[in-house]
Amino acid sequence: MTSSSFPTDLVPVRGYDWPRAPATSSLKDGYRRMWEKLRVLDERKAELLPDDLERVSGSVVPDELWAALRVHQFDRLDSVYLDWTRRTDGPHSVCAFVTMPSVPQGFLADWAADRGLDLVDAAAVPAGKGALIVPDISSLVRRTLEGRAAMRSYLAELDGASRNVLLGVSSWTWTYLAQTSAIEAVVSDARCFAPFKDKALAELIRAYMGDEVFKSTESGDEILPEGGDGEIKDPYLKTLAARAYGCPWAAIRLLDAAVNREAEAGGEGGEDDRNPGNTTTWLQDPALPQLPARIERIGHFMLHALLIHGPLVAKDLATVLPMTLPVGLAAALGRLGLVDDDAGKLSIRQAAYPHVRRIVSEAGLPLDQI
């Protein structure tokens, strides 16, 4: 999967070019969130929608798209790290690969295993040849005095390592450690995936979903055509890139969740002949999840803690919160589609990350910085 619109490299942390939505889209989003919070709107309505429109229950995204995106991003890791990981002579350095929680879990570990690199949990720094890949250091991060002391000890061990080390770290964990520890003194280079903006998303969709006729319910227009200046005419994809914070996985999931369809008569030579069923795929974003007032404050703190620390059992989660963890809070956030409970370990639901980041942002809590 190659194109001039796809990012070709990783970008340095603090150099991330956050996608911005058009001003009109941002105003509309704010207006809708206000009415949804007041419980006036349960679902977004649009006059342009056909009466018989129905939300599609299954996914319209083919497996080939996800596989191609994985290959493309593996290639980005190769271009920056592969030669470095196989170098055995000095000088040695510690690097960090920083990802948003919407990137598939275990992505760095999968890449390292596919390339035959040396993987280890975030607990020790054994000697060896070639680079050591630590796919996720979140298990070492605790916002307690003991946790901060343990992280300082681990950083000291990394600083004295006799081999190259690549740390995998969440953007939220990285931001916390940059503010509370010496990680930026130990890590010589920290990078993240570059953002996918509207043109890159359009090419990705065209390549693997080109038979679909995607239309925005906001404008009534198709979202993929370009104008004479080479820019995407409809603002939907620009807004989508901003809502996904530039993460292509998050953007495609949001698009998939917005899919509605209605049967059309069609006709020979018509534009809908590109779609096998002569149907238009309308994109109408569902109502955004909101925290109920009764759990809003503690819910904000819980979501924020899970973003920083990664998966936690309830007992450990309670130690990093500024207030008592109420019984049933995790289940309530699970019903809203924001939190997963995997055998007692609580984590942010990957597909819900854009909504969770928006919720904690609106609450005024500190955000990740990449």
Side-chain angles (χ1 to χ4, degrees), residues 10 13 70 73-101 103-144 146-178 180-193 306-313 316 320 342-345 347-348 350 368 370:
L10 305 183
V13 167
R70 175 187 174 97
Q73 300 293 47
F74 271 20
D75 289 345
R76 307 286 70 75
L77 292 172
D78 286 346
S79 68
V80 174
Y81 296 123
L82 195 56
D83 288 342
W84 173 80
T85 59
R86 292 171 174 170
R87 197 182 70 215
T88 57
D89 56 332
H92 303 296
S93 59
V94 178
C95 295
F97 176 58
V98 182
T99 58
M100 295 183 190
V103 172
Q105 189 174 11
F107 194 84
L108 182 62
D110 291 345
W111 170 78
D114 189 75
R115 273 38 175 180
L117 303 175
D118 194 1
L119 281 158
V120 69
D121 291 333
V125 188
K129 294 182 178 180
L132 182 69
I133 313 299
V134 186
D136 185 7
I137 65 170
S138 63
S139 62
L140 295 178
V141 180
R142 293 293 180 271
R143 287 179 295 173
T144 62
E146 296 81 2
R148 293 181 66 175
M151 179 53 65
R152 285 195 296 270
S153 297
Y154 183 67
L155 291 175
E157 191 172 0
L158 289 173
D159 194 41
S162 58
R163 60 193 301 191
N164 291 328
V165 180
L166 178 60
L167 303 175
V169 55
S170 158
S171 54
W172 293 80
T173 305
W174 173 264
T175 301
Y176 169 73
L177 292 175
T180 61
S181 74
I183 194 167
E184 290 183 298
V186 175
V187 172
S188 61
D189 184 77
R191 303 197 187 200
C192 56
F193 285 133
L306 290 176
L307 287 168
I308 293 173
H309 298 285
L312 288 173
V313 298
D316 290 337
V320 297
D342 183 11
K345 272 200 168 184
S347 62
I348 298 298
Q350 193 176 81
D368 61 331
I370 57 174

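As a basis for the values below, the full set of heavy atoms in this structure was taken, side chains included, without hydrogen atoms, waters or symmetry mates.
Between F97 and V80, the closest side-chain pair of non-hydrogen atoms is not below 4.5 Å.
Atom CG of L166 is separated from atom SG of C95 by 6.5 Å, given to the nearest 0.5 angstrom. Note that CD of Q73 is 6.0 Å distant from CZ of F107, once rounded to the nearest 0.5 Å. Here CZ of F74 is found 5.5 Å from CG of D114. Values are rounded to the nearest 0.5 Å. Atom CD of Q105 is separated from atom CG of D110 by 10.0 Å, given to the nearest 0.5 angstrom. If you take OG on S93 and CG on L158, they are separated by 11.5 Å, rounding to the nearest 0.5 Å. Interatomic distance, D316 CG to H309 NE2, rounded to the nearest 0.5 Å: 10.0 Å.
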Compile the donor-acceptor pairs under 3.5 Å between side chains in residues 123-137 and protein atoms, sequence neighbours left out, one pair per line.
residue: D136; atom: OD1; partner: S138; partner atom: N; Å: 3.0
residue: D136; atom: OD1; partner: S138; partner atom: OG; Å: 3.0
residue: D136; atom: OD2; partner: S138; partner atom: OG; Å: 3.1

*Which is it for M151 and I183 under the side chain to side chain contact (heavy atoms under 4.5 Å, CB included) test, yes or no, and what are the steps along the way?*
CA-CA 9 Å; M151 179 53 65; I183 194 167; 5.7 Å; no
Query - CA sep, side-chain torsions, deciding dist, call: L82, W111, side chain to side chain contact (heavy atoms under 4.5 Å, CB included) - result: CA-CA 10 Å; L82 195 56; W111 170 78; 4.2 Å; yes
| Do L77 and R115 pass the side chain to side chain contact (heavy atoms under 4.5 Å, CB included) test, and can you show the C-alpha distance, the side-chain angles, and the key distance before you say yes or no? | CA-CA 11 Å; L77 292 172; R115 273 38 175 180; over 6 Å; no
Problem set entry | Chi angles and distances behind the side chain to side chain contact (heavy atoms under 4.5 Å, CB included) call for L155, S181 | CA-CA 9 Å; L155 291 175; S181 74; 3.7 Å; yes
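Here the shortest heavy-atom pairing between V169 and A96 reads CG1-CB, 4.3 Å. Here the shortest heavy-atom pairing between W84 and V165 reads CH2-O, 3.3 Å. Scanning all heavy atoms of the two residues, the minimum distance from V103 to Q350 falls at O-NE2, 3.2 Å. Between L108 and L167, the shortest heavy-atom distance links the atoms CD2-C, 4.3 Å.
R143 contributes no side-chain N or O that, together with a main-chain N or O of G147, makes up a donor-acceptor pair within less than 3.5 Å.
Sorted by first and then second residue, the side-chain hydrogen bond (donor to acceptor under 3.5 Å, both in side chains) pairs involving residues 167-177 (not counting sequence neighbours) are S171-D368, W172-Y353. Screening residues 146-170 for salt bridge (charged side-chain N to carboxylate O under 4.0 Å, His left out), with sequence neighbours left out, gives D118-R163.
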